[in-house]
Each structure stands twice: as C-alpha cells, then as structure tokens.
Amino acid sequence: MKKLFSQMSALELEEELQEIVDAISRAEFPSQKELLERKYYTAKAYTLEPADYSPGLYDIEGEPDDRFRLQYVNGIMGWGTLVGNDEEASFPISMLTFVKNEQVGD
C-alpha cells in the first residue's frame with residue numbers, strides 16, 4: 001500500500017508525480033485524465049510552500065476562463081471565491097498562479 005502524499009519524502013513525491021504523468025499520457029477517457037490531473041495537482045501541492053501563497057488574485061491552471069480570489073491557505077488548499085461568484089471554493093495551491101495583490105473592495 002502506498003503512503004499518503006503528506007507522508008512521502010521529496011524523492012517519493014517526485015517519483016509519484018512522474019508515475020501520474022505517465023498514467024495521464026495513457027488515459028483513454030477524459031474522466032480518467034481529469035481524475036489523474038487532480039491527483040497530480042494534489043501531490044504537486046505537497047512539494048510547495050503554503051506560506052508563499054498570500055491573499056490576492058490568481059489564475060487557475062486548467063481553468064483559463066476563471067480567476068480565483070484567494071483569501072487563505074489551509075494545508076495545501078487555497079480557499080476563496082471565483083471572480084463573479086460568492087460561493088466558497090478551494091483548489092490545491094499547485095493550481096494557482098499569482099496575478100496581483102488586491103485591496104479590500106477590489
């Protein structure tokens with residue numbers, strides 16, 4: 001049985017990420033590919049430093065038409081709202097690319 005991502009060493013995570021990339025390339029169905037991509041982003045998030053993600057506006061990898069207003073990070077997940085939607089949403093920090101800081105009310 002494999003370890004949880006949170007219990008893996010950096011080397012184990014890199015090996016797991018490569019296995020997932022290989023599996024994505026072999027996926028036959030869009031739903032398989034999407035599931036493996038989410039698994040990849042989750043594993044990749046454990047290689048990043050959550051403290052590097054401050055509140056602000058972020059692009060979401062794989063979601064070119066959406067922007068994400070990050071409010072806080074809990075573990076590997078960034079929490080906030082999609083621009084134009086008040087419902088709370090979350091994404092692994094590995095999916096987020098910083099766009100700009102925002103002032104309250106922006």
Side-chain angles (χ1 to χ4, degrees):
M1 180 174 216
K2 285 192 172 192
K3 293 180 185 178
L4 299 173
F5 295 143
S6 61
Q7 298 171 337
M8 290 183 178
S9 68
L11 179 60
E12 289 171 321
L13 277 169
E14 289 302 322
E15 290 170 353
E16 182 69 18
L17 288 167
Q18 188 55 55
E19 287 178 27
I20 296 169
V21 168
D22 293 343
I24 290 170
S25 69
R26 295 188 310 270
E28 296 181 29
F29 302 103
S31 59
Q32 281 179 305
K33 184 178 179 183
E34 186 175 314
L35 181 68
L36 289 165
E37 286 172 345
R38 291 296 175 158
K39 185 176 179 181
Y40 173 86
Y41 288 122
T42 300
K44 181 73 174 170
Y46 281 100
T47 68
L48 302 173
E49 180 56 54
D52 292 342
Y53 292 80
S54 59
L57 192 63
Y58 288 78
D59 284 329
I60 308 163
E61 196 163 326
E63 305 290 336
D65 297 329
D66 288 323
R67 283 222 163 139
F68 183 66
R69 195 168 273 119
L70 178 69
Q71 294 169 340
Y72 66 96
V73 175
N74 185 358
I76 61 156
M77 300 298 290
W79 290 85
T81 57
L82 293 172
V83 172
N85 187 337
D86 290 336
E87 272 189 56
E88 188 173 52
S90 66
F91 294 93
I93 57 175
S94 56
M95 292 183 74
L96 304 178
T97 303
F98 184 72
V99 176
K100 70 173 188 168
N101 283 325
E102 292 189 300
Q103 302 298 321
V104 175
D106 277 357

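Positions are given from 1, in the same order as the sequence printed here.
Between Met8 and Lys3, the closest heavy-atom pair is CE-O, 3.4 Å. What you find for Tyr53 and Leu96 is that their closest heavy atoms are CE2-O, 3.9 Å. Of all the heavy atoms in Ile93 and Glu49, the pair that sits closest is CD1-C, 4.4 Å. Across every non-hydrogen atom of Glu87 and Thr81, the tightest pair is O-CG2, 3.5 Å. Nearest heavy-atom pair across Ile76 and Ala45 is CB-CB, 3.7 Å. Taking each heavy atom of Thr42 and Pro92 in turn, the nearest pair found is OG1-CG, 4.1 Å.
Glu15 CD to Ser9 OG: the interatomic distance, rounded to the nearest 0.5 Å, is 7.5 Å. Here the CD-CD distance, from Glu88 to Gln71, works out to 7.0 Å after rounding to the nearest 0.5 Å. In this structure, Ile20 CD1 and Ser25 OG are separated by 12.0 Å, a value rounded to the nearest 0.5 Å. Atom CD1 in Ile60 sits 10.0 Å away from atom CG in Asp65 (nearest 0.5 Å). In this structure, CD in Glu34 is found 11.0 Å from CD1 in Ile24, a value given to the nearest 0.5 Å. Between the OH atom of Tyr41 and the NZ atom of Lys44 there is a distance of 10.5 Å, given to the nearest 0.5 Å.
At least one side-chain heavy atom of Lys39 sits less than 4.5 Å from a side-chain heavy atom of Glu16. Using a 4.5 Å cut-off on side-chain heavy atoms (C-beta onward), Met95 and Arg38 make contact.
A donor-acceptor pair is defined here as one N or O able to donate and one able to accept, closer than 3.5 Å; such a pair exists between the side chain of Gln32 and the backbone of Glu28.
No chain of hydrophobic side-chain contacts below 4.5 Å, direct or via other Ile, Leu, Val, Met, Phe, Trp or Tyr residues, connects Leu35 to Tyr46.
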* Yes or no on side-chain contact (heavy atoms from CB on, under 4.5 Å) for Arg67 and Asp59, after CA distance, side-chain angles and deciding distance? -> CA-CA 5 Å; Arg67 283 222 163 139; Asp59 284 329; 2.6 Å; yes
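Relative ring orientation between Phe91 and Phe68 is described as perpendicular, the plane-to-plane angle rising above 60° on a 0-90° scale split at 30° and 60°.
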